[in-house]
Protein chains: 2
Amino acid sequence: MIDRKSPVPMYYQIEQYIEQLIESRNLKSGDQIPSEREFTDQFHVSRMTVRQAVMNLVHSGVLVRIKGKGTFVSNQNKIEKSLLGLNGFSEDMISRGMKPGSFMMSFARIRAAAKVADRLALDEHDDVFEIKRTRFADDEPMAIETSYIPAKMVPDLTEDQVSPSLYQYIERQCGLPFDHAVQSIEASVVTAEEAKILAIPKGSPILLIERCSYLKNGRPIELTKSLFRADRYKFMVKLPRG
Amino acid sequence: MIDRKSPVPMYYQIEQYIEQLIESRNLKSGDQIPSEREFTDQFHVSRMTVRQAVMNLVHSGVLVRIKGKGTFVSNQNKIEKSLLGLNGFSEDMISRGMKPGSFMMSFARIRAAAKVADRLALDEHDDVFEIKRTRFADDEPMAIETSYIPAKMVPDLTEDQVSPSLYQYIERQCGLPFDHAVQSIEASVVTAEEAKILAIPKGSPILLIERCSYLKNGRPIELTKSLFRADRYKFMVKLPRG
DNA sequence: AAGTGGTCTAGACCACTTT
DNA sequence: AAGTGGTCTAGACCACTTC
């Protein structure tokens, strides 16, 4: 279950093993996970290595530790998580109990416009992939989304990889781990063209959301501008601490 | 500098030592802190103990580590912090470089309406303080804010305590520590009356923000509905992790 | 008493960056 | 080559919870 020859650190393999136990429903919210000593025996690693795996999952909110009792799967539910975290359109709609859909309006590799290059920290002559999509929820148009990805970061991006999950492609296929996103939310009114695509009256209010996502190494990896129908969409966020 | 007999863990003492170096300006943003081995020699503790202190500060965003180079004081500025956290109107405006102002339109102790009682987890016959304010930024109207506070949680609330900082009064005077808030952001258009107060044209887009704040014990303590001018206000948020 | 997480040691080898 | 953080070991004693 653990590959000691792998370049992937053992603590990270243990992390993935525990997460997979949770995803596969072998462990549910509130369940106790095996103790540190049990993992030590199971994987033949030292206790500190197990602790590193467990503590990482505690920091990311997956597990909760109680002194003298044990370590448990957090009962922080999916909606709470999605409020706090960085999610794509599809995950967002699923957590709201709706069926996500998508129509690709255009996919192109182009020279970055000045504003886009600025946000993505690119030189002006650098290329970006521009992805324009209409997004659906329960088969009704919900949003118009335009994403920009630096071409030098994911040179082999194709239309097919975008469709299932762009985020998963970047994280798992390209090995570029996301860290956080900075998002701005404005209110505006639709233009005639946008109104047509979203099937709403001209002059209707919309939420204009701009998101810039950053990798763990600090580099911006994605800039997405979205126009959401205000009559159907409410942006929810959980703000931690005081 | 480190008290080995203290019940306070050594790694925590080291954490405080490093934080104090930063607060006292001996270390500024971007400065490199002593290496793990240097701390090991200075405090006569093992490297793992130093690591625990340093990693905690990395997780809380105080320090940044770069492999092969060293550990540095994070230059995460105040604006980034305010994006992540729970702030009142005044703090928000100050972090945007504007002068906050406030005009109290009404302050009353009333029976909670059904919707308000529901959000604040009150019985229907419970009282709330209702506080209606017009909020200004650089002397221009920016938002209309209506707050509801359960009367039984802060029975002695007066108009005067609201003005400097309602949050500080609840946390420091009443000893009720905030934990988090759940916020929803919608787009809408102003009514004639609201347009007048905000000094904007009738039918202008606005951001409708509703926030419910919770204490560390899980109880809701505040429900606030705000109407922000969309032409002047953009809601910013930092979403951590993936 | 047995089991759990909390803290701590004194080493080790690795990959990476800088000189 | 020297220094840094990244990973890992094989133990130890403690405080806490449960039985």
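Computed over heavy atoms, backbone and side chain alike; hydrogens, waters and symmetry mates excluded. Fair warning: this is a prediction, and the values are worked out from it, not measured in the lab. Residue numbers begin at 1 in each chain, while the letters A, B, ... track the order of the sequences.
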- request: Choose from dT9(D), dG5(D), dT9(C) the nucleotide whose nearest atom is closest to any side-chain atom of T71(B).
  value: dG5(D)
field: Sugar-phosphate only, base, or nothing, as touched by E38(B) at under 4.0 Å among non-hydrogen atoms
entry: sugar-phosphate
query: What pairs with Y167(A) under ring pair (Phe, Tyr, Trp, His ring centres under 6.0 Å), at least two apart in sequence or on another chain?
result: F178(A)
field: Given dT9(D), dG5(D), dT9(C), the nucleotide with the shortest approach to the side chain of R65(B)
entry: dG5(D)
statement: Given protein heavy atoms under 4.0 Å, the one-letter contact record of nucleotides 12-19 of chain C, with B base, S sugar-phosphate only and - none, is simply B---BSS-
- prompt: Is R37(B) salt-bridged to D41(B), cutoff N-O under 4.0 Å?
  reply: no
message: Checking F136(A) now: which residues fulfil ring pair (Phe, Tyr, Trp, His ring centres under 6.0 Å) with it, not counting sequence neighbours?
response: none
query: With respect to the side chain of S35(A), which nucleotide from dG11(D), dT4(C), dC8(D) is positioned closest?
result: dT4(C)
Residues 105-119 of chain A, side-chain donor-acceptor partners within the protein, below 3.5 Å, at least two apart:
{"from": "R109(A)", "atom 1": "NE", "to": "D127(A)", "atom 2": "OD2", "distance (Å)": "2.9"}
{"from": "R119(A)", "atom 1": "NH1", "to": "E210(A)", "atom 2": "OE2", "distance (Å)": "2.0"}

- line: E15(A) CD to dG6(D) P, in whole Å, measures 14 Å
- request: Only counting residues at least two apart or in another chain, list the ones meeting side chain to side chain donor-acceptor pair (under 3.5 Å) with D31(B).
  value: none
query: OH of Y12(A) versus P of dC8(D): gap in Å, rounded?
result: 13 Å
field: ring pair (Phe, Tyr, Trp, His ring centres under 6.0 Å) partners of F235(B), counting only residues at least two apart
entry: none
field: Residues which pass ring pair (Phe, Tyr, Trp, His ring centres under 6.0 Å) with F89(A), listed by chain and number, not counting sequence neighbours
entry: none
- prompt: Looking at side-chain heavy atoms only, is the closest gap between L239(B) and Q183(A) below 4.5 Å?
  reply: yes
- prompt: Who pairs with E15(B) by side chain to side chain donor-acceptor pair (under 3.5 Å), at least two apart in sequence or on another chain?
  reply: N56(B)
query: F39(A) CZ to dC8(D) P: how many Å, rounded?
result: 16 Å
statement: S226(A) meets the side chain to side chain donor-acceptor pair (under 3.5 Å) criterion, sequence neighbours left out, with none
field: Where DNA chain D forms stems, i.e. three or more consecutive Watson-Crick or G-U pairs with both distances under 3.5 Å
entry: C:1-18 with D:1-18
message: If you take any heavy atom closer than 4.0 Å to DNA chain D, which residues from residues 49-58 of chain B end up in contact?
response: R51(B)
- line: Here the ring pair (Phe, Tyr, Trp, His ring centres under 6.0 Å) pairs for residues 19-40 of chain A, sequence neighbours left out, are F39(A)-F43(A)
